[in-house]
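Notes follow the structure.
Atoms within a ligand are numbered from 1 in the order they appear, just like the ligands themselves.
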Amino acid sequence: MRTSQYLLSTLKETPAHAEVVSHQLMLRAGLIRHLASGLYTWLPTGLKVLKKVENIVREEMERAGSIEVLMPMVQPSDLWEESGRWDDYGPELLRLNDRHQRPFVLGPTHEEVITKLVSNEVSSYKQLPMNLFQIQTKFRDEIRPRFGVMRGREFLMKDAYSFHSTDECLKQTYQVMFDAYCRIFERLGLDFRPVIADNGSIGGEGSHEFHVLADSGEDDIAFSDASDYAANIEKAEALAPSGERATPTQELNKVATPDAKTIESVANFLKIEANTTVKTLLVLGEAKDDEAAPIIALVVRGDHELNELKAEKLEGIASPLTFATDEQLVAATGANAGSIGPVNLNIRVIADRSAAHLADFVCGANEDGFHFIGANWERDVTTYEVADLRNVVAGDPSPCGQGNIVIKRGIEVGHIFQLGQKYAQAMNCGVLTESGKNQTLTMGCYGIGVSRIVAAAIEQNHDKYGIKWPEAIAPYQVAIVPMNMHKSARVQETAQNLYAQLQQAGIEVIFDDRKERPGVMFADHELMGTPKLLVVGERNLDNQQIELKDRITGEKSLIAIDSVMALFN
Ligand code: ATP
Ligand code: MG
Ligand code: MG
Ligand code: MG
């Protein structure tokens, strides 16, 4: 590429409204331009980086056995009604009507569309497991779009969905995806950590987020300083109640089941006033005395007021409360009817720290092999005070039992879930098994924020001069910077020859053929973060040499012109 024929668009000044360094540098280096809140145009240089990230993601997904499809960004509302998310998703879902007044949404995610597709296309267990991915634009009407493409409203995501007839098979694919994600972030050259995550409103169990570590990250990650334990702060909080951790063999305390059929009775029971802002309300039903009982959970997330929650979610709330009947447990878990005893109802409410009344209550089996003890509904719910309810803080003992907690900031660049049957059940997605029975499928879903990665990579790789791209995603591998080319035929000829040779060899090279002062050219290429600069100057040509400047190390060296190609072997 010749800069004279390119849209370089670099800026000298740091735009005042850009708060984080990646946003500043993406604007200054001419990677993106703002169109409207949370909406950006990708300029040529930015687009090259985006495509490189996309290709690495694509290659590793394919290597891991996932197959690419492309689903529409515009989705009919009926699918969302079928899954229940037309009512549940909230204001991040952008709804629109076509000319016939038929309602549609701009897809914030694609569980509905893919589940519908698979339910139509896959009919036999022999076709399973099936793992499909796409790289597609998403739209989420974020309440606070910010940090440029880091939290845009329109953004590029890789989303994959896997379908299985058994949980075991889902777990295997989940692990394959976990490993593929590690390879992706390694290839991208990023300092990242997988962390245990909450499933949020998506349902199911088993979830990890992948975070790029950076001070500008919006999430807190809790690490153990003595083991591999890492969890996002919400999850670490959930794992660190004041209760003691017991071994699986210890008997669970018998707890009274509150008569909690409505949100009012839950509120009453927990002594929370109406209008309290509830951050998380998690209702767990489990089979008592059944050690291996899986958790059945409804998690309502978001900043709901308790009475608003009632208006909005009463149906959702009511079902898990009645959910915990024997038949429903049997149906939901596939457990043996005989093994299901009376059901304990575990309710954990984390109110805002500012709220006057707080309760934090966890008991029963929260995770296979981990049982919290010492909880008693009557006694404990009212005795927890504000001071007892806090996030894990640095120095706390790690919930994993080894070491102490260290807290760092992270940018969520990927998120994988074991979804379970939520969508398959709602949308009637099943196959015929070997014995001819209809079997509802179980699902996993796996997201990567492709466009967010570009910003996250800059957060980790920059200096005061600009971006320092990791090799794998640099827009250009090398820049040719001739000094005063328009005054020296020799410089011009050498630069042009080098350019032709590098292009011939398929190396991504940018040739700065502008009539600019050397200082301007250097500043632009350093800003854009090209890993290698080849500086062609009159004086060094006397010795058939040019100067090689390494953007990452800052080192300069003289090399023979005919050894340039060897740099790219
Ligand atoms: P966040 O917590 O940052 O809002 P999320 O948990 O809502 O993200 P997921 O539903 O898990 O996002 O989507 C998968 C991935 O898509 C995220 O891990 C993230 O990398 C990316 N992503 C989500 N929202 C945005 C956004 N507004 N702009 C850019 N990337 C995003
Ligand atoms: Mg979000
Ligand atoms: Mg998140
Ligand atoms: Mg997420």
*asked:* For R140, is there an ion pair with E154 - N to carboxylate O distance below 4.0 angstrom?
replied: no
*Considering heavy atoms of the protein only, find what lies nearest to atom 22 (N) of ligand 1 and give residue, atom and distance to 0.1 Å.*
F155 CE1, 3.5 Å
*asked:* With respect to G152, determine whether any N or O atom, backbone or side chain, lies less than 3.5 Å from an N or O atom of ligand 1.
replied: yes
*Rounded to the nearest 0.5 Å, what's the gap from OG1 on T530 to CD1 on I510? Could you check?*
6.5 Å
*Of the protein's non-hydrogen atoms, which lies at the shortest distance from atom 9 (P) of ligand 1, and what is that distance?*
R140 NH1, 3.6 Å
*Run down the list E412, K158, R151, M157 and name the one with the heavy atom closest to atom 3 (O) of ligand 1.*
R151
_Is there a polar contact between ligand 1 and D219, counting only N or O atoms under 3.5 Å apart?_
no
*asked:* Quick check: R452 and ligand 1, any N/O pair under 3.5 Å apart?
replied: yes
*Check H415 and report its N/O/S atom nearest to the Mg ion (ligand 4), by atom name.*
ND1
_Going by the closest heavy atom to atom 21 (C) of ligand 1, which one wins out of G38, C445, G449, G414?_
G449
*Would one find an N, O or S atom of E412, in either backbone or side chain, under 2.8 Å from the Mg ion (ligand 4)?*
yes
*Can you sort out which atoms of ligand 1 are near E142, meaning under 4.0 Å from one of its heavy atoms?*
24 (N), 26 (C), 27 (N)
*So, does D220 use its side chain to make a donor-acceptor pair with the main chain of I233 at under 3.5 Å?*
no
*Short N-O contact, R58 and E54, less than 4.0 angstrom*: yes
*Are any of the side-chain nitrogens in R28 or D524 under 4.0 Å away from the carboxylate oxygens of its partner?*
no
